[in-house]
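The block underneath contains the structure these notes are about, expressed in structure tokens.
Residue numbers start from 1 in every chain, and the chains themselves are labelled A, B, ... in the order their sequence lines are given, proteins ahead of strands. Both backbone and side-chain heavy atoms feed into the values below; hydrogens, waters and symmetry mates do not.
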Amino acid sequence: MPEILEVEAARRVLEERALNREIAKVHAPDTWFMKRGTTAPALRHALVGNAFTAARRRGKQIILDTENPDVRVGVHLGMSGRVLVDDEEAGDPLVYASNLRMVKWHRFGVHFADGGDFMLRDPRRLGAVELDPDERRLGPDAMTLTFAQLDHALAKRIAPIKAVLMDQHRIAGLGNLLVDESLWRAGIAPGRLTFTIDPAERKVLHKAIRTTLRTLDRRGGSHTGDMPRGLDAPCPRDGAPLRRDKVAGRTTYWCAVHQH
DNA sequence: GATGACCTGTGA
DNA sequence: TCACAGGTCATC
């Protein structure tokens with residue numbers, strides 16, 4: 001579920017509710033979930049007696065700083081991750097079909113000395129926790145993307161525009177839904193080869209990305225776009241039946257009439 | 001770069 | 001039973 005808007009909502013909850021609380025216990029039962037050599041003992045050693053002091057975000061990566069400047073924890077929500085603080089859902093308005101208290105879905109978390117906790121629930125296990133995440137892997141954050149940054153990200157690319165926009169190394173934060181919505185608003189076909197997009201179109205695209213992020217954030221998430229995600233659903237702009245294709249390996253909806 | 005793999009749940 | 005899911009990674 002999470003693209004940058006949902007991750008930002010989760011980050012905000014962590015910032016509001018999980019900072020400056022002493023960590024008494026670490027919950028890290030899932031070896032698979034810990035990436036890049038991170039282990040449960042290492043997490044315990046780093047976190048017990050410590051406290052988070054900041055919840056930052058770059059793209060879809062959440063970074064928790066602690067009182068120990070050498071200890072930073074990277075948290076990724078993957079496809080199905082959600083943050084829970086003190087047993088409450090964190091800032092995600094989506095209604096999940098089965099929102100049961102599935103403790104076995106708690107892939108990582110901490111218990112605070114005050115009795116509360118922060119848990120990462122992730123049924124699909126495609127999220128991750130790691131110590132000392134490498135933030136340099138990620139491009140400029142989509143929420144604050146300037147035109148110059150976008151222009152640079154697109155420079156000399158041959159790949160379809162959708163693939164470039166979803167490449168976290170170039171721009172961090174845009175996922176499948178936000179990219180489809182942005183391209184639909186910009187009137188650019190997802191399979192369009194990036195180098196053919198002229199400066200005027202880049203301006204339009206930049207504006208569309210900004211508007212999409214702002215609007216969908218206000219509405220409550222990545223799934224609240226104007227373009228319906230359904231084969232043959234009418235395009236709200238011109239009534240043409242929407243197409244469904246695979247672009248950059250992902251299911252893509254678009255309007256062949258107004259997106260070129 | 002495109003492709004498939006990773007893992008598990010949900011709904012048709 | 002099958003297709004699909006809002007992400008990322010390794011591999012050709």
Side-chain angles (χ1 to χ4, degrees), chain A residues 1-11 29-38 57-62 74-83 90-108 120-130 133-135 137-139 142-143 153-154 156-184 190-195 209 212-213 216-217 219-231 244-253:
Chain A
M1 12 157 2
E3 295 189 41
I4 194 169
L5 302 178
E6 288 74 22
V7 178
E8 170 60 16
R11 183 205 68 79
D30 190 347
T31 311
W32 155 264
F33 205 72
M34 294 176 264
K35 298 295 155 67
R36 280 173 247 280
T38 298
R57 183 190 58 70
R58 179 142 173 188
K60 302 169 197 166
Q61 178 76 52
I62 292 174
V75 167
H76 202 290
L77 304 183
M79 291 274 269
S80 59
R82 311 185 73 174
V83 163
D92 188 331
L94 252 198
V95 183
Y96 235 75
S98 70
N99 243 331
L100 306 169
R101 296 259 177 287
M102 296 291 283
V103 174
K104 68 169 185 178
W105 290 343
H106 292 185
R107 311 298 180 187
F108 169 74
L120 176 50
R121 179 173 71 203
D122 182 8
R124 284 181 71 186
R125 298 170 82 207
L126 290 170
V129 59
E130 64 182 306
D134 181 7
E135 300 170 44
R137 291 176 302 190
L138 299 166
M143 295 276 247
L154 303 191
K156 298 188 188 134
R157 299 280 93 198
I158 303 166
I161 182 66
K162 173 158 179 173
V164 176
L165 292 176
M166 296 222 318
D167 182 346
Q168 303 298 299
H169 174 73
R170 307 208 150 265
I171 299 169
L174 299 180
N176 199 28
L177 301 191
L178 291 174
V179 166
D180 277 6
E181 176 80 9
S182 298
L183 289 171
W184 178 81
R192 178 87 173 274
L193 301 187
T194 301
F195 71 90
I209 291 170
T212 297
L213 290 176
L216 273 53
D217 192 28
R219 292 179 187 170
S222 306
H223 57 293
T224 61
D226 287 342
M227 186 195 68
R229 298 187 71 75
L231 181 58
R244 180 170 75 187
D245 288 303
K246 283 261 189 255
V247 181
R250 307 300 298 278
T251 299
T252 302
Y253 292 96

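- The distance from atom CD of A:E3 to atom C1' of C:dT8 is 14 Å, rounded to the nearest whole Å.
- Look at CG on A:D167: it is 12 Å from C1' on C:dC9, rounded to the nearest Å.
- Atom CZ of A:F33 and atom C1' of B:dC7 are 11 Å apart (whole Å).
- Straight-line distance from the NZ atom of A:K162 to the P atom of B:dA2: 12 Å, rounded to whole Å.
- The nucleotide B:dC6 finds its pairing partner in C:dG7, both defining distances of the Watson-Crick or G-U wobble pair being shorter than 3.5 Å.
- Under 4.0 angstrom from either OP1 or OP2 of B:dT8 there lies at least one side-chain N or O belonging to A:R125.
- Comparing B:dG9, B:dG1, C:dG7 by their closest approach to the side chain of A:W105 singles out B:dG9.
- Rounded to a whole Å, the CZ atom of A:R250 is 9 Å from the C1' atom of C:dT8.
- Regarding contacts with the backbone of C:dA5, every side-chain N or O of A:R124 stays at 4.0 angstrom or more from both OP1 and OP2.
- Looking at every heavy atom in both residues, A:H106 comes nearest to A:P29 through O-CG, 3.8 Å.
- Under a 3.5 Å cut-off, the side chain of A:R58 and the backbone N or O of A:L138 do form a donor-acceptor pair.
- Within the 4.0 Å cut-off from OP1 or OP2 of C:dA5, at least one side-chain nitrogen or oxygen of A:T251 is found.
- The side chain of A:P123 approaches B:dG9 more closely than any other nucleotide in the set B:dG9, C:dG7, C:dC9.
- When the nucleotides B:dG9, C:dG7, C:dC4 are ranked by their closest atom to the side chain of A:K104, B:dG9 comes out on top.
- Across the protein-nucleic acid pair, A:K156 atom NZ and B:dG1 atom C1' stand 18 Å apart, rounded to whole Å.
- Taking a cutoff of 4.0 Å between a charged side-chain nitrogen and a carboxylate oxygen, A:R137 and A:E130 qualify as a salt bridge.
- For A:Q168 and C:dT8, the shortest distance from a side-chain N or O to OP1 or OP2 is below 4.0 Å.
- Rounded to the nearest 0.5 angstrom, A:H76 NE2 and A:L126 CG are separated by 10.5 Å.
- In this structure, CG of A:D245 is placed 13 Å from P of B:dT3, rounded to the nearest angstrom.
- When rounded to the nearest whole Å, the span between CG of A:D122 and P of C:dA5 equals 18 Å.
- OP1 or OP2 of C:dC9 sits under 4.0 Å from a side-chain N or O of A:R36.
- Side-chain N/O atoms of A:H76 include one lying less than 4.0 angstrom from OP1 or OP2 on C:dT8.
- One finds a side-chain N or O of A:K60 lying less than 4.0 angstrom from the OP1 or OP2 phosphate oxygen of C:dT8.
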> Going through the checks in order, is the side-chain contact (heavy atoms from CB on, under 4.5 Å) test met by A:N176 and A:R229?
Replying inline: CA-CA 11 Å; A:N176 199 28; A:R229 298 187 71 75; 3.5 Å; yes

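- A:D30 places none of its side-chain heavy atoms less than 4.5 Å from the side chain of A:F108.
- Going from the P atom of B:dC7 to that of C:dT11 covers 15 Å, rounded to whole Å.
- Counting non-hydrogen atoms under 4.0 angstrom, A:I158 reaches the backbone sugars and phosphates but no base.
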